[in-house]
Student: 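Below is one structure. I have some questions about it.
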Amino acid sequence: MNTKDIFVSVQEVARQREYCRLASELLSRRFDHTPKAYVHTYGCQGNVSDSERMKGMLHEMGFSFCEQPEQADLVLFNTCAVREHAEARVFGNVGALKPIKEAKNHNMIIVLCGCMMQQEHIAEKIRRSYSYVNLVFGTFAVHRFPELLYRHLRENKRIFDVKEEDGKIAEGFPVWRDRSFKAWLPIMYGCNNFCSYCIVPYVRGRERSRLPDQILAEAKELIANGAKEITLLGQNVNSYGKTPDCGLNFSGLIRQINALDGDFIIRFMTSHPKDCSVELLQTMASCEKVERHLHLPVQCGSDRVLREMNRGYTADDYLRLCKKAYELMPDLAITSDIIVGFPGETREDFDKTLDLVRRVRFSSLFTFIYSPRKGTRAAAMPDPIDAKVKGEWFRELCFVQEEIAAEHSKALVGKTFRALIESENDGVLTGRTSQNLCIGVPGDQSLVGTFAYVTVTNAGNWTLSGKLADE
Ligand code: SF4
């Protein structure tokens, strides 16, 4: 892939921004007030970041934002395709818009986009059964949103743009962030790994990285605007910089961001164990702004299942990586994702997962029961295990992890941490420590968005509580 195929041209971005202007003219004729948009995001932080870019476009078209679909002139759902459950929720919520549109606002524009819409069978279902949806586009068309909305407004017809194409990177659009002190910063898009259960490579395209200069410029702007936490985003951040050849890898990028002036912290997600290098762990250990948290999805502890999943590492490889990480950063928290009940998984395989969980001693786990995704290799694999059995394994895994998490939490009582205070509710602040642990402390709203020192006084399984401490 050469650079021309990866990046949307400057001219095309300018053309789309001109569509923002044209759309705002049509919108001012259609509405006698400042139009309001309600944007709801399903799924991962990558989607949240895409929504922030689409909100930037909407803002440029003259929209303000509201909290309820009932108040909105435009409703946008940015959807997720990772699990069947998430898809069912989207259909339910789209269905709920129909009476709102009929009863309250006939002019309401309903927009569906994101990973789910990039799948042909879903877009077809919307076309056939949800006639009140006005605009549908997939992940590859995000940068064309202004043009698509303009066409809908001008031609007054339904617009679908879900064709499969090479995913591109579009620089130069405004970004609308709801919070200034925590920021998602995408560094790459797509994935080349084709894990056998995962739909992402099909709906988000091949791996492609943003250029370091663009990322650094955005990071500097975020810091200047008050960002205290920057989370670098990508499906597999560990392979940053390969396409196009950026002249530096993920560790190099972290070091450059770490060197920027300002009191801020760096997080990143998601790391693939197969590409997680010792260099990266050393970089984490040596960069003072990188937090002590590594999310490293293992998915399973059985080598046989890992092979079937096409993950590219063994349980031993993973354990070695964790051992090295703990050696370099004794205070590191490792978290992970685990899929229970992959097609053909046996009790013996599952026991290996439990064993791995006990050995790594994750600080927390995101556990999922396997959900088949149409079009993936795993969806065609025989799956003899009963759903009831999978449910039992799932509960067993949660129980084992809860015990480990409780032990971790208890060991923290009496310790003091620096935490970023994220919110306040009824006089209780919620902060997040370097290890990404949530802690509640009594305190004043004015501390939200700042760093504070907190001492743990009480430890539950999921959260810690404490008090503000002197520095
Ligand atoms: S690394 Fe695997 S699980 Fe992650 S996005 Fe790529 S294909 Fe999906």
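Both ligands and their constituent atoms are indexed starting at 1 by order of listing. What's counted below: heavy atoms across the whole structure, side chains too, no hydrogens, waters or symmetry copies.
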Student: Select the closest option to atom 8 (Fe) of ligand 1 among Gly234, Cys198, Pro297, Gly312, judged by heavy-atom distance.
Tutor: Cys198
Student: Anything under 30° is parallel, anything over 60° is perpendicular, the rest tilted; go ahead and classify Tyr202 against Phe194.
Tutor: perpendicular
Student: Classify the ring geometry of Phe342 against Tyr370: parallel below 30°, tilted from 30° to 60°, perpendicular beyond 60°.
Tutor: perpendicular
Student: Can you give me the closest heavy-atom contact between Glu279 and Ser251, atom names plus distance?
Tutor: OE2-CB, 3.5 Å
Student: Both conditions, 6.0 Å and 45 degrees, for the charged tip of Arg377 above the ring of Tyr197: are they met here?
Tutor: no
Student: What atoms in ligand 1 come closer than 4.0 Å to a heavy atom of His272?
Tutor: 1 (S)
Student: Check ligand 1 against Phe194 and write out every atom of the ligand that is under 4.0 Å from a heavy-atom position of the residue.
Tutor: 7 (S)
Student: Show which atoms of ligand 1 fall inside a sub-4.0 Å distance from at least one heavy-atom site of Val200.
Tutor: 5 (S)
Student: Return the residue, atom name and 0.1 Å-rounded distance of the protein heavy atom closest to atom 3 (S) of ligand 1.
Tutor: Tyr197 OH, 3.5 Å
Student: Within 45° of the ring axis of Phe140 and under 6.0 Å from its six-membered ring centre, is that where the NZ or CZ of Lys163 lies?
Tutor: no
Student: Regarding Lys242 and the six-membered ring of Phe250, is the cationic atom NZ or CZ under 6.0 Å from the ring centre and inside 45° of its axis?
Tutor: no
Student: Which residue holds the protein heavy atom closest to atom 7 (S) of ligand 1, what is that atom called, and what is the gap in Å?
Tutor: Cys195 N, 3.4 Å
Student: Using a 4.0 Å cut-off to any heavy atom of Cys191, which atoms of ligand 1 qualify?
Tutor: 1 (S), 5 (S), 6 (Fe), 7 (S)
Student: Answer yes or no: is there a side-chain heavy-atom contact under 4.5 Å between Lys228 and Ser180?
Tutor: no
Student: Atoms of ligand 1 less than 4.0 Å from Arg311 heavy atoms?
Tutor: 2 (Fe), 3 (S)
Student: So if I count the atoms of ligand 1 from 1 in the order they appear, which ones are less than 4.0 Å from some heavy atom of Pro201?
Tutor: 7 (S)
